Amino acid sequence: MNMFKQCADIQTADMLKLPVPEITGGKPTIVKLPPSELQRQMVAALGERAEAVRNRLVAPNEDNMLRITNDGRKLALDQRLMNPLLPDDPDSKANACVERVFTIWEKTTAQRSTQMIFCDLSTPRADGFDVYNDIRDKLVARGIPKDEVQFIHDADTEAKKAELFGKVRSGAVRVLMGSTQKMGAGTNVQTRLCALHHLDCPWRPADIAQRNGRMVRQGNMNKEVSIFIYITEATFDAYSYQLVENKQKFISQIMTSKSPARSCEDLDEAALSYAEVKALAAGNPMIKEKMDLDIQVARLRTLKAAYNSQHYRLEDAVTGIFLREIRGTECRIQAFEKDMQTAKDSQSYDKDGKLVFSIELDGTSYDKREDAGKALLGLVGAAVRADHPVLVGHYAGFEVTVAYVPLSKVFVAHLVGQATHTTELGSDAAGNMVRLQNVVAALPQEVSGLRNNLQQLRVQLDSAKEELQQPFLQEQELNDKSARLAELDALLNVGNDAPVLEGEAEVVNEDDSVRTPREENELER
């Protein structure tokens, strides 16, 4: 996140505080609809298809989990999408939407308020059944003029689209229907919007955000607006919205104005698992608990894996890295202290206590920095031709070697004693001698720095030893949730078409015996 924020400026709605309309009740209104008997039977049939796919009784190009998932989403929208000859369910999403759209249209006639209906699964078609024409026909039958109910799909050019948007803003068109792709970003019709209807659930949270963003935005003359989400119970709607919620939880951890967590959990699957299809087919309410536990257990296992990795790194550090660094630092301190003593014994001072300069280069002694520096510059040429440091003389009890660093294209001088002390050479003759003197003069500070490093290493070693004793704090939570998830997996995969309810609900078997799900599971085992 720190790297991301170097190139991204995150501005969220809670930071901007733009003048946008409030949503009635503070959140969308969920319209729950009971499934028809045919829908129940067809969802159960999807479970049988999933079982056939699992047992590899059908080829992947004939049927697969993604196709089953898509059929389940269409079935949740309207059973006639599976078979146009099926009857129109009075409790379907389309009929519930028509009822609310007409009621709002009637109440807001004076203000000429507008509404939007989003549906991605069943777009308008010339022949056959589609949800769009079904809703418009029913609205027209209720008394809404046909020219006030328009499809975004009819505006197939930019000019037609601009004209349509203008009519919506003016209130000439009061109900606009479309898909997220065609009616998402760039659709600026918010002026009179008072209600927005979600007939189906898209795959991405961004799609829902784009849908709602058509109405909840600046420029809307209404101070309060309504959002309706239509859900058919005991169908794939529960899965679809649960999936989008899980994705949004992940995204919200990144796109936030607050300090982010240290890690994020991802979930991006487009198809249900076999167990989930069977659970949905049975109308099992434990499916949501299982999906929640899947995410929580995955997160805890990730944390446990991170804890184990950290634990292994600490073990390596305690038994190897820190000990090697401590021993190496101790050896360097000893070497530097001996070099300090060597320099002290080798250098001389005048009666005023001032250091007397003296250096030997290529067998010749020099007591003037300028002359010595020129002599040194004349000797560095040999270092270019050598692939190792070249000995050129002695200073303060140390051997003086020079080397050429091709990558940096610079010359360096080494004072070699118990340790090697390095300085870069320049073009100033006298300045190079001063640099050699500074290296020797800095030895006490180098030793002090090494002693501080040694103390820090010992503190880090003690801290690492203490941290190694710390257990994984979420161990019990992981065990409990893993056990519950295993129990749910077993229950959800029981080959019993009867719904398994939460708690100790009873299951009536073919022999008229009554057992709880736990007893049934034990018997199955």
Side-chain angles (χ1 to χ4, degrees), residues 1-8 10 54 65-66 69 203-206 238-279 286-326 456-493 521 525:
M1 279 303 298
N2 289 333
M3 294 173 64
F4 180 50
K5 286 185 176 180
Q6 291 178 7
C7 61
I10 299 175
R54 182 180 196 177
M65 291 308 298
L66 184 57
T69 301
W203 282 121
R204 302 176 301 179
Y239 166 80
S240 297
Y241 280 102
Q242 179 72 20
L243 180 62
V244 170
E245 178 191 1
N246 293 336
K247 290 181 181 179
Q248 184 59 49
K249 285 179 180 177
F250 165 73
I251 296 168
S252 296
Q253 294 173 81
I254 300 296
M255 305 306 292
T256 176
S257 59
K258 303 176 180 64
S259 297
R262 292 286 294 174
S263 61
C264 298
E265 299 76 46
D266 191 12
L267 177 68
D268 191 9
E269 295 294 334
L272 281 74
S273 69
Y274 307 105
E276 289 165 344
V277 172
K278 291 177 67 177
M286 285 193 292
I287 183 64
K288 186 179 186 303
E289 182 186 1
K290 178 193 178 299
M291 294 179 68
D292 288 337
L293 278 177
D294 278 333
I295 300 164
Q296 295 173 32
V297 169
R299 177 182 63 83
L300 291 171
R301 285 174 178 168
T302 301
L303 291 175
K304 179 65 179 294
Y307 167 83
N308 288 336
S309 298
Q310 176 70 4
H311 196 80
Y312 298 145
R313 284 195 295 269
L314 287 173
E315 285 182 342
D316 291 341
V318 167
T319 58
I321 297 173
F322 282 135
L323 294 180
R324 286 195 298 270
E325 290 187 359
I326 288 174
Q456 291 178 6
L457 285 170
R458 287 170 175 164
V459 171
Q460 291 174 356
L461 176 60
D462 293 339
S463 298
K465 288 179 178 178
E466 289 180 9
E467 194 168 346
L468 270 176
Q469 306 303 317
Q470 298 297 322
F472 179 55
L473 298 178
Q474 291 97 345
E475 185 73 43
Q476 188 59 46
E477 182 184 1
L478 174 59
N479 292 337
D480 293 343
K481 291 185 175 179
S482 296
R484 176 57 180 165
L485 182 59
E487 183 181 1
L488 285 174
D489 284 338
L491 289 170
L492 293 174
N493 280 289
N521 184 42
R525 286 178 181 175

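Here the structure is a predicted model, which means the values were calculated and not measured.
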Sequence neighbours excluded, which residues qualify as salt bridge (charged side-chain N to carboxylate O under 4.0 Å, His left out) partners of Glu475?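 Glu475 satisfies salt bridge (charged side-chain N to carboxylate O under 4.0 Å, His left out) with Lys304 once adjacent residues are dropped.
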Salt bridge (charged side-chain N to carboxylate O under 4.0 Å, His left out) partners for Arg313, two or more places apart: none
Correct closest heavy-atom pair for Gln474 and Leu303 would be NE2-CD1, 4.3 Å
Tell me the closest heavy-atom pair linking Leu478 and Arg301, and the distance in Å. CD1-CG, 3.9 Å
Acceptor/donor pairs from residues 314-325 side chains to any protein atom, 3.5 angstrom cut, sequence neighbours excluded:
residue	atom	partner	partner atom	Å
Thr319	OG1	Glu315	O	2.7

Can you name the residues that form a side-chain contact (heavy atoms from CB on, under 4.5 Å) with Gln456, not counting sequence neighbours?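 Asn453.
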side-chain contact (heavy atoms from CB on, under 4.5 Å) partners of Ser463, counting only residues at least two apart: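 Expected list: Val459.
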Can you list the residues that meet the ring-ring contact (aromatic ring centres under 6.0 Å, His included) rule with Phe472, with sequence neighbours excluded? Tyr307
Could you walk me through whether Arg484 and Asp480 satisfy the salt bridge (Lys or Arg N to Asp or Glu O under 4.0 Å) test, starting with their C-alpha distance in whole Å, then the side-chain angles of each, then the deciding distance to 0.1 Å, before giving a yes or no? CA-CA 6 Å; Arg484 176 57 180 165; Asp480 293 343; over 6 Å; no
For the CD1 atom of Ile326 and the CG atom of Leu461, what is their distance to the nearest 0.5 Å? 5.0 Å
Mind jotting down which residue pairs meet the salt bridge (Lys or Arg N to Asp or Glu O under 4.0 Å) criterion with at least one end in residues 457-470? Sequence neighbours excluded, please. Glu330-Arg458
